[in-house]
Amino acid sequence: MPTLKLIGLGLSAKFVTREAIDELSKCDIVLFESYTSLSCDINLDFIKFLNKNVIIVDRKFIENNIKEVIKLLKEKENVCIVTIGDPMIATTHVSLIVEVKNKGYNFKIIPGISVHCYIISKSMLSSYKFGKSVTITYPYNNKIDTTPYDVIYDNFIRGLHTILYLDLKEDKIMTTKEAVKLLIEMEKIKKQGLINDDRILIVGQRLGCDDEEVVALRLKEVFNYKFKEPPHIIVFPTDKLHFMEVEALKCLMK
């Protein structure tokens, strides 16, 4: 029975599991997502080393071309969608599996280490106290989407931390400084006192790579700090911290 396999490769080559390598080598066709995330060493050449039958696909292909995936399943025994991190963090893949299953095909999920779980561990904050995550996006038609502010505020007043993903486009990758500038602009719009100079942020840089860094700093220190190259991810902690979380933050402060 033809099978759609969703394979997660983790954050870098050293996190690729034996199962992922085995399954990837068996694929008749590999669809490598180029938009989900970035890695310091997982790229097209890395995938081709494991399987030469690779096609790079973008967000539009996965979201709008389910029929093309079904067509491939009619022609091939093993169709694989490969992502950096974990494939099931994206809801698009859930809907894809549902559609494939409804058409009578099999599916298999090979998890990978996601940046979501990784930054929670590296932050040393309580995993039970993370609320809804959200992505800070670039303005569209000069309009700022203030949804991140609303999500952070709702989590904050409930005593929950927020993971902030940063926008990733084909031509540019959002940095921490760009994200904080947008948060400051959101504060000017919302005026609820959430974003101020003394707020502490945790920033993960190039996670999974040999030169990764996780640092805690106050918002006013962001613009003078020398960050590494992207990808970056931010944790916005609540101020309702357990005493051990306070001590953990001290360990990350520069």
Task: For M244, the rest of its hydrophobic cluster, which grows through side-chain links under 4.5 angstrom - done: F243

Task: With sequence neighbours excluded, residues passing salt bridge (Lys or Arg N to Asp or Glu O under 4.0 Å) with D239 - done: none

Task: Sidechain N-carboxylate O distance under 4.0 Å for E178, K181 - done: no

Task: Hydrophobic cluster identity match, L182 and I152, side-chain contacts under 4.5 Å - done: yes

TODO: Indicate the atoms forming the closest heavy-atom contact of N51 with L24, along with that distance.
DONE: ND2-O, 2.8 Å

Open item on the list: With a 4.5 Å cut-off on side-chain heavy atoms, are D41 and F46 touching?
Closed with: no

List the atom pairs, donor and acceptor, that lie under 3.5 Å between side-chain atoms in residues 10-20 and the rest of the protein, sequence neighbours left out.
from : atom 1 : to   : atom 2 : distance (Å)
S12  : OG     : G208 : O      : 2.6
K14  : NZ     : D210 : OD1    : 3.2
T17  : OG1    : A20  : N      : 3.1

Task: ring pair (Phe, Tyr, Trp, His ring centres under 6.0 Å) partners for Y153, two or more places apart - done: none

- [ ] With sequence neighbours left out, write down each residue that passes side chain to side chain contact (heavy atoms under 4.5 Å, CB included) with K190, or none if nothing qualifies.
- [x] T146, Y149, D150, Q192

Task: Over all atoms of both residues, closest heavy-atom pair of N106 and M1 - done: ND2-CG, 3.1 Å

Open item on the list: Which label fits F156 and F236: parallel for a plane angle under 30°, tilted from 30 to 60°, or perpendicular past 60°?
Closed with: perpendicular

Task: Closest contact, heavy atoms only, P230 versus T175 - done: CG-CG2, 3.9 Å

Task: Gap between atom CG of L164 and atom CD1 of I136 - 0.5 Å precision - done: 4.5 Å

TODO: Can you see which heavy atom on G159 is nearest to which on K240, and at what distance?
DONE: CA-CD, 3.7 Å

TODO: Calculate, to the nearest 0.5 Å, the distance between atoms CD1 and NZ belonging to I97 and K5 respectively.
DONE: 13.5 Å

TODO: Kindly indicate whether a cation-pi arrangement holds for K169 with Y138, taking the cut-offs as under 6.0 Å to the six-membered ring centre and within 45° of the axis.
DONE: no

Task: For Y105, all residues meeting ring pair (Phe, Tyr, Trp, His ring centres under 6.0 Å), sequence neighbours excluded - done: none

In residues 25-32, what donor-acceptor pairs under 3.5 Å come from side-chain atoms, sequence neighbours left out?
from : atom 1 : to  : atom 2 : distance (Å)
S25  : OG     : I21 : O      : 3.4
S25  : OG     : D22 : O      : 2.7
D28  : OD2    : E77 : N      : 3.0
D28  : OD2    : N78 : N      : 2.8

Open item on the list: So, using salt bridge (Lys or Arg N to Asp or Glu O under 4.0 Å) as the criterion, who are the partners of R218 when residues are at least two apart?
Closed with: none

- [ ] Answer yes if M253 and L217 sit in the same cluster of Ile, Leu, Val, Met, Phe, Trp and Tyr residues linked by side chain heavy atoms under 4.5 Å apart, and no otherwise.
- [x] no

- [ ] Give a yes or no on whether the backbone of F227 and the side-chain of K177 come within a donor-acceptor separation of less than 3.5 Å.
- [x] no

Task: Residues forming a side chain to side chain contact (heavy atoms under 4.5 Å, CB included) with T135, sequence neighbours excluded - done: T137, Y165

- [ ] Identify, with sequence neighbours excluded, every residue that meets side chain to side chain contact (heavy atoms under 4.5 Å, CB included) alongside K254.
- [x] E213, V215, Y225

TODO: Check whether any side-chain heavy atom of V79 sits under 4.5 Å from a side-chain heavy atom of V100, and report yes or no.
DONE: no

Task: Atom pair CG (D198) and CG (L219), whose distance is rounded to the nearest 0.5 Å - done: 9.0 Å

Task: salt bridge (Lys or Arg N to Asp or Glu O under 4.0 Å) involving E99 - partner list, sequence neighbours excluded - done: none

Task: Partners meeting side chain to side chain contact (heavy atoms under 4.5 Å, CB included) with Y128 (sequence neighbours left out) - done: S126

Task: Backbone N/O of G193 and side chain of E187: donor-acceptor pair under 3.5 Å - done: yes

Open item on the list: To the nearest 0.5 Å, what is the distance between OG on S121 and CD1 on I113?
Closed with: 9.0 Å

Task: Minimum heavy-atom distance M88-L6, with the two atoms named - done: SD-CD2, 4.2 Å

Task: Same cluster (ILVMFWY, side-chain, under 4.5 Å), I189 and L194 - done: no

- [ ] Look at the side chain of E212 and the backbone N and O of G204, then say whether any donor-acceptor pair between them is shorter than 3.5 Å.
- [x] no

- [ ] Ignoring hydrogens and angles, tell me if any N or O in the side chain of N43 forms a donor-acceptor pair with the backbone of D45 under 3.5 Å.
- [x] yes

